[in-house]
There are 2 protein chains.
Amino acid sequence: MTTRMPVEDRRAQLVEAALAVAASEGIGAATVRRVAEEAGVALGVVHYCFADKDELFAALATRIVDELARAGSEGLAFDGATDLAGALHAAVAALWDTIEVTRGAQLLTYEITTHALRDPDLHAVARRQYEVSHAAAASLLALAADASGAAWVRPLDDVAGEALAFVDGVTLRWLVDGDSAAARARLDGFAAYLATQAKAGRRRARQRAAS
Amino acid sequence: MTTRMPVEDRRAQLVEAALAVAASEGIGAATVRRVAEEAGVALGVVHYCFADKDELFAALATRIVDELARAGSEGLAFDGATDLAGALHAAVAALWDTIEVTRGAQLLTYEITTHALRDPDLHAVARRQYEVSHAAAASLLALAADASGAAWVRPLDDVAGEALAFVDGVTLRWLVDGDSAAARARLDGFAAYLATQAKAGRRRARQRAAS
DNA sequence: GTCTATAGTTGGATAGAC
DNA sequence: GTCTATCCAACTATAGAC
């Protein structure tokens, strides 16, 4: 009853449908049947496009990580920030604004992680999730320091690892208690701490980058 | 074929079986059938002891939180610590030793949380999980300050909230990358930060507690 | 009061139609 | 090459035996 469509387009459509279902109703609700229904296609179409459920699931995970990477490389403007503390404060505020309006997607991210950790074939999915997140955190922190003319006194990866862990924990807690004010306060406190992990330097000139 | 047993004993046995299955194979593997098999009883026995799967699951969640609370109130000895930084260092080291040898249980805790967050009837389970953890963190921090004669300069709940979030995030990351050394380093760094959130005071006398 | 045998529902996969 | 109709397995739940 549905219109015929190239398999690649169909795949993309099905992954979007899977994302919609999983984000709003949980990973457990994203059955092959339910995804087919959401996409408005017959059950077997999904199995035509994906070898099995795991393959559909892996495609969904990739789709989510890609969006994560994209979101991470956006909103990296620190024009107004005068010092590192201010830049970090602005960064966590912007980050939180995004998190807060994507509750289902955030929860899904944790569901994907735990699910992947139980399945040896999918463990790499979880690893990649965190590699991407870690890289995004590191580049954000590097940029914040750069924009405010500060320099981290510890290895960037160490600082990024701590920041990622903290944001992760704060997000999870917020998913449970829904206390946005507390989450923001925690992030602000952590941003202030992070600022102590760098030393101020001369404000970097706009036009030229130091070697 | 199994020996007859009072329903309450049977319930406890089944919850233990459910815990064993869920911790080692994931929450998804903890089906009624699988639990019955693990316990060595017929399928219907589970439904005799629990109204439905959700009730078994709720009992499992309670079982886990109870253990969490018990573990939290143990290992709170800071005899040797001379200052707050040392006490916190010892505390996170001990905490991590426990976490590291209970990987399946840690992962299960996150699975329970996300699962509960998707089910309105089970949302309270997730809340209670975090209330218990938060209380444990707060009492640990209070005791650490007490033992080293320091006093937190910020509300205890704020500090506990940050600590819990951080430990949560570090644990999750470790579940993914298995890097124990990095996890320990992160926790140590955070312990050092926490120590800056208190002011030193006179070492409290052993025999009497201040009002 | 405790357990067994059976029914009913849901979901993943495939053979074959168009 | 794309989709439909059907099958099979796994799971939850209950009726009834002991």
Side-chain angles (χ1 to χ4, degrees), chain A residues 1-22 24-61 108 111-112 115-116 118-122 125, chain B residues 1-22 24-61 111-112 115-116 118-122:
Chain A
M1 213 30 77
T2 44
T3 55
R4 285 172 69 89
M5 194 184 285
V7 65
E8 203 165 350
D9 292 0
R10 197 56 105 187
R11 275 205 198 93
Q13 178 199 9
L14 291 173
V15 168
E16 288 309 305
L19 178 61
V21 171
S24 73
E25 295 170 46
I27 198 174
T31 65
V32 175
R33 288 184 117 86
R34 184 75 184 72
V35 169
E37 183 191 18
E38 177 79 16
V41 303
L43 178 60
V45 173
V46 180
H47 276 103
Y48 170 64
C49 296
F50 299 96
D52 55 15
K53 196 196 177 186
D54 280 359
E55 197 174 296
L56 167 62
F57 184 79
L60 171 61
L108 176 57
E111 291 179 288
I112 296 262
H115 183 91
R118 288 296 187 184
D119 183 346
D121 293 347
L122 259 43
V125 166
Chain B
M1 215 28 76
T2 45
T3 55
R4 287 172 67 90
M5 193 184 284
V7 65
E8 202 164 349
D9 293 0
R10 195 59 103 186
R11 274 205 199 93
Q13 179 199 8
L14 291 173
V15 168
E16 289 309 306
L19 179 59
V21 172
S24 73
E25 296 171 44
I27 198 174
T31 66
V32 175
R33 286 182 115 85
R34 185 75 184 69
V35 169
E37 184 190 16
E38 177 80 16
V41 303
L43 178 60
V45 173
V46 181
H47 277 103
Y48 169 64
C49 295
F50 300 95
D52 55 16
K53 195 195 178 187
D54 280 359
E55 198 176 294
L56 167 62
F57 184 79
L60 172 61
E111 291 179 288
I112 295 262
H115 183 91
R118 289 294 188 185
D119 184 345
D121 293 348
L122 260 44

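In what follows, every chain begins at residue 1, and chains take the letters A, B, ... in the order their sequences are listed.
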Rounded interatomic separation in angstrom, taking [atom1] from [X] and [atom2] from [N]:
X: A:L43; N: C:dA13; atom1: CG; atom2: C1'; value: 8 Å
X: A:D9; N: D:dG1; atom1: CG; atom2: P; value: 16 Å
X: B:D52; N: D:dT14; atom1: CG; atom2: C1'; value: 13 Å
X: B:R11; N: C:dG1; atom1: CZ; atom2: C1'; value: 13 Å
X: A:R33; N: C:dG12; atom1: CZ; atom2: P; value: 8 Å
X: B:H47; N: D:dA13; atom1: NE2; atom2: C1'; value: 5 Å
X: B:D54; N: D:dC11; atom1: CG; atom2: C1'; value: 14 Å
X: A:E8; N: D:dT2; atom1: CD; atom2: P; value: 11 Å

A:L108 side chain near B:R118 side chain, heavy-atom distance below 4.5 Å: yes
Check: B:E16 and B:L19 side chains under 4.5 Å, non-hydrogen atoms: yes
Whether B:E38 and B:R34 form a salt bridge (side-chain N of Lys/Arg under 4.0 Å from carboxylate O of Asp/Glu) is what I want to check. yes
When you get a sec, tell me which of [options] is the closest nucleotide to the side chain of [X]?
X: B:V45; options: C:dT4, C:dG12, D:dC3; answer: C:dT4
X: A:A42; options: C:dT2, D:dT4, D:dT2; answer: D:dT4
X: A:Y48; options: C:dT2, D:dC11, D:dT2; answer: D:dT2

Base of C:dT2 paired with side chain of B:R10 (donor-acceptor, under 3.5 Å): no
Smallest separation among heavy atoms of B:R10 and B:C49, with atom names: CG-SG, 3.4 Å
